[in-house]
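Quick notes on the structure that follows.
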Amino acid sequence: MGQMTEAGPPGMVRLGGVMLPLVGRARVYVCGITPYDVTHLGHAAAFVWADTLARVLDAGGAEVIMCRNVTDVDDVLLAAADRAGEPYDRFAAIQQFYFDRDMAALGVAQPAVQPRAHAYIGQVIALAAGLLERGMAYQRGGQVYFRGAAVAGRAVLDQEAALRLADEYGDDPGDRQKDHPLDVAVWRASRAGQPGWASPWGSGRPGWHAECAAMALDVFGPAVDVLAGGADLRFPHHAYQAGLAEAFTGVTPFCRARLNAGVVRVAGAKMAKSAGNLVLVGDLLKDYPVAAVRPGRGSAGSGAAALTAMRAALADDLDVPAALRVAENDGGQAARSLGSLLGLW
Ligand SMILES: [Zn+2]
């Protein structure tokens, strides 16, 4: 074993307070896009951070298997396709093309596995059936609900905050069919005119959290090393994804560590379509090089100690600003190595 650093011995990455020893393969599940609109910087930030994580894990000696899903069955997408007068799958495929183009322009590597929700209906039905069998879910009016009252507590949220977020993200805490307002739909009944698939509970479609749980279980088995996505996915999405998977498999924890990329703000406000402050990746790349959009620049210099310090900074919760400061101050090998590691120059 080599020289110890502040971040721990080589082959360790600290992520969100968890020391993650890199052993063999690193299974990274990234919650991907709902392809209903052009990519803005707020979305892109999460994927750039996940890509940075993959590069740091790879540099630390792990064989990284990245899975980034496409949520192509979702109420927001169905509504947008409806407004555009397009079938939802064709509409999603076009948006996906623009997303892939923006990611390629940002130097974000293609994930090894890219599951699409519409191809995992059978797995969601199996998940719902398994949860019913274990008494972790119940059926009501063509819907299957997961008993989720404990999930908020595990996410360290009080009931009031959990209910507010559940409402904001479409989990419908006011649904009177539920036993508890924090139960979530694993399977949702489809009304006439909505896309629906045959199930033991009638025509319906998967719930969002169940889609990601089913895709992750199918691709990686009962656990992943890192569950990644935007900070706004922490609750309810990631919390329920993990809760569903654990209730189904009995394997805990579902994820060893989490990466939640910070929300991108414009003049203090969260970047969101509803706020009308979107900065589109395509527009930004017309005026700025990739190395400015992904954080970074370099200079000339020297130093093996700088190289060690730069690597230690990256292994310490992906501290890219600290790694850049080392590269800027010392340049040389540290700067060149950081540039190629992050795909900046
Ligand atoms: Zn997800």
Side-chain angles (χ1 to χ4, degrees), residues 15-16 27-37 39 42-51 53-54 65-78 92 95-96 99-100 103 108 111-121 123-124 126-128 131 146 148 151-152 154-155 162 165-166 168-172 184-188 205-249 253-263 272:
L15 205 55
R27 302 155 297 177
V28 182
Y29 186 92
V30 186
C31 279
I33 53 155
T34 301
Y36 74 100
D37 209 345
T39 315
H43 291 140
F47 305 122
V48 168
W49 277 112
D51 186 61
L53 169 71
I65 317 274
M66 181 169 291
C67 170
R68 190 180 70 210
N69 74 284
V70 179
T71 306
D72 62 358
V73 179
D74 180 270
D75 281 358
V76 180
L77 164 67
L78 298 178
Q95 298 304 320
Q96 174 76 33
F99 172 76
D100 286 342
M103 289 301 109
V108 171
V113 195
Q114 211 168 176
R116 284 155 211 280
H118 81 264
Y120 286 77
I121 305 293
Q123 285 86 337
V124 174
L127 173 67
L131 291 168
F146 169 61
V151 173
R154 284 192 43 200
L165 288 166
E168 189 180 328
Y169 287 90
D171 280 336
D172 203 3
V184 296
V186 181
W187 185 259
R188 311 172 63 185
R205 59 197 192 283
W208 177 34
H209 316 315
E211 285 175 351
C212 269
M215 287 187 271
L217 291 172
D218 193 72
V219 170
F220 287 129
V224 301
D225 295 291
V226 184
L227 178 60
D232 51 349
L233 294 185
R234 223 177 254 138
F235 190 91
H237 186 56
H238 279 176
Y240 278 96
Q241 182 181 352
L244 286 163
E246 289 170 4
F248 180 69
T249 63
F254 165 68
C255 52
R256 296 169 68 205
R258 295 178 189 230
L259 171 71
N260 288 110
V263 169

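Keep in mind the model is a prediction, meaning the values are calculated, not measured. Atoms within a ligand are numbered from 1 in the order they appear, just like the ligands themselves.
- Distances shorter than 2.8 Å separate the Zn ion (ligand 1) from the protein N/O/S atoms C31 SG, C212 SG, H237 NE2.
- No donor-acceptor distance shorter than 3.5 angstrom exists from the side chain of D225 to the backbone of V28, with no hydrogens or angles considered.
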Item to check | Worked verdict on H238 versus C255 for side-chain contact (heavy atoms from CB on, under 4.5 Å) | outcome: CA-CA 10 Å; H238 279 176; C255 52; over 6 Å; no
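- For F99 and F47, the ring centers sit closer than 6.0 Å to each other.
- In terms of the side-chain contact (heavy atoms from CB on, under 4.5 Å) criterion, residue partners of D100 (sequence neighbours excluded) are, by chain and number, R68, Q96, Q110, Q114.
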Review item, side-chain donor-acceptor pairs of residues 210-222, under 3.5 Å, at least two apart:
from, atom 1, to, atom 2, distance (Å)
D218, OD1, Q123, NE2, 3.4

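- For A185, the side-chain contact (heavy atoms from CB on, under 4.5 Å) criterion is met by Q143, Y145, R188, not counting sequence neighbours.
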